[in-house]
Amino acid sequence: MSLVIPMYNERDGLEMLFASIDNALSGRAIAYEVVCIDDGSSDDTFSALVDIGDKRIRAFRLSRNYGKEIALSAGLDLVRGDVVIPMDADLQEPPELIPVMLDKWEQGFDVVVAVRRSRQADGFVKAASAKFFYKFFNSVSASKIPENAGDFRLLDRHVVDVLRQMPERNRFMKGLLSWPGFRYEQIEFDRPERYCGQSKWKPIKLLGLAVDGLTSFSTLPLRMASILGGCMSMGTLAYGLFVVSKRLLWGDPVQGYASLMASMLFLGGVQLLALGIVGEYIGRIYIETKRRPLYVVMDSNDNNVVYKNE
């Protein structure tokens, strides 16, 4: 089994993290490795991983901060296990669920997703916005993602092999992890408080991630821009015919400087909005065509050995 853990400034929580993993797996006769991806931390996270000296821990330091989605992709590229479990380092995804996931895997499920029972601890705004995003995303995308689920899930090896064939640069991992399909099961859990440190996800980053998800898995924004443009064109044509008919039939002078300016400004805004949506997709095409590497591994303690849990 391979655990994949992206890390960014998680030095203070490492001891508790690995102790929790050891306790969770103490009753399972299973060989496992922990693939830790240091995503350009500004503290000494990588050095601390190396100093632990546990040969089950394979630590890789990226050359800079690429973001969690890329760090998770790097981990999936580097795993060697027959079953893979991505998880966070903050212990808000309890390692105690790993044996439950393994039981489901042994029953024949290829994907086992851990889903939070509620998001009450997130606050009203964050919980409501997350609920709206999941509902909207699943309504416009052919690839459905489980509501209130993160990256914490079990993946069979052949599911990981499919994921490694996906070359896109703008990576929305919740969508990518759900895209392959296969035999699927879901388990619920209550999310505990973060053990230490602070969340790295700021509102602006979450908004950017939502935009990446929508543009990666749906062309609905483009279609909406086309529909809006068509409706505005038909409305403008109808209004133009009305003004001309009014002038020819009743001789009314053309009036309404204020309404004319309002219409022009509104139409200009719609055009700029449509251009912005098209620009988002063109920008992503431009990034994809460069074919740059997703990440660069700067350092590693990889020992190429998987040790059995004692």
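Only this structure's heavy atoms are used, side chains among them; waters, hydrogens and symmetry mates stay out.
When all heavy atoms are compared, the tightest approach of F189 to Q92 is CE1-O, 3.6 Å. Counting all heavy atoms, side chain and backbone alike, P99 lies closest to P95 at CD-O, 3.6 Å. A pairwise comparison of heavy atoms in A114 and M101 identifies CB-CE, 3.7 Å as the closest pair. Closest of all the heavy-atom pairs between V4 and G75 is CG1-CA, 3.6 Å. The two residues V100 and E96 have their closest heavy-atom pair at CG2-O, 4.2 Å.
For N23, there are no side chain to side chain donor-acceptor pair (under 3.5 Å) partners, not counting sequence neighbours. Every residue was checked against the side chain to side chain donor-acceptor pair (under 3.5 Å) condition with D82, not counting sequence neighbours, and none meets it. Remark: R164 pairs with no residue by the side chain to side chain donor-acceptor pair (under 3.5 Å) rule, at least two apart or across chains. Residues forming a side chain to side chain contact (heavy atoms under 4.5 Å, CB included) with S41 (at least two apart in sequence, or on another chain): Y8, N9, D38, D43, T45. Listed by chain and number, the residues in a salt bridge (Lys or Arg N to Asp or Glu O under 4.0 Å) with E188 are R117 (sequence neighbours excluded). With sequence neighbours left out, the side chain to side chain contact (heavy atoms under 4.5 Å, CB included) criterion links Q186 to V115, P146, Y184. Shown here are the side chain to side chain donor-acceptor pair (under 3.5 Å) partners of D151, two or more places apart in sequence or in another chain: K68. Every residue two or more places apart in sequence or in another chain that forms a ring-ring contact (aromatic ring centres under 6.0 Å, His included) with F182 is listed here: H158. For E106, the side chain to side chain contact (heavy atoms under 4.5 Å, CB included) partners two or more places apart in sequence, or in a different chain, are R28, D103. Qualifying side chain to side chain contact (heavy atoms under 4.5 Å, CB included) partners for V83, counting only residues two or more places apart in sequence or in other chains: M1, L102, W105, L154.
Put simply, the side chain of V159 reaches to within 4.5 Å of the side chain of V111, judged on heavy atoms. Put simply, the side chain of V84 reaches to within 4.5 Å of the side chain of L76, judged on heavy atoms. In this structure the side chain of D12 never reaches within 4.5 angstrom of the side chain of L14, judged on heavy atoms. Inter-residue side-chain proximity for M7 and L49 is flagged as met; some heavy-atom pair is nearer than 4.5 Å. At a threshold of 4.5 Å between non-hydrogen side-chain atoms, the residues L3 and V79 do not count as touching. Side-chain contact between L91 and L17 is present, with at least one heavy-atom pair separated by less than 4.5 Å.
Between M16 atom CE and D90 atom CG the span is 12.5 Å, to the nearest 0.5 Å. Atom OG in S2 sits 12.0 Å away from atom OH in Y32 (nearest 0.5 Å). Interatomic distance, CD1 of I57 versus CG of D51, reported as 11.0 Å (0.5 Å rounding). One distance of note links CD1 of I187 with CZ of R153; it measures 11.5 Å at 0.5 Å rounding.
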- Task: Check step by step if side-chain contact (heavy atoms from CB on, under 4.5 Å) holds for F152 and D88.
- Result: CA-CA 7 Å; F152 188 36; D88 291 341; over 6 Å; no

- Message: Run the side-chain contact (heavy atoms from CB on, under 4.5 Å) test on I98 and L25 for me, step by step, so that the C-alpha distance in whole Å, both residues' side-chain angles and the decisive distance to 0.1 Å come before the verdict.
- Response: CA-CA 8 Å; I98 295 175; L25 296 175; 3.7 Å; yes

- Message: Working note: I5 + I21, criterion side-chain contact (heavy atoms from CB on, under 4.5 Å); need CA distance, chi angles, decisive distance, verdict.
- Response: CA-CA 12 Å; I5 309 180; I21 293 174; 4.0 Å; yes

For residues 293-300, dump all side-chain donor-acceptor pairs below 3.5 Å to protein atoms at least two apart in sequence or in another chain.
from: Y295; atom 1: OH; to: D77; atom 2: OD2; distance (Å): 2.8
from: D299; atom 1: OD2; to: R61; atom 2: NH2; distance (Å): 3.3
from: S300; atom 1: OG; to: A59; atom 2: O; distance (Å): 3.2
from: S300; atom 1: OG; to: D302; atom 2: N; distance (Å): 2.9

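Of the listed residues (K55, R58, R56), just one forms a side-chain hydrogen bond (donor to acceptor under 3.5 Å, both in side chains) with E33, and that residue is R58.
Residues F46 make up the rest of the hydrophobic cluster containing V50, defined by ILVMFWY side-chain heavy atoms closer than 4.5 Å, directly or through other members.
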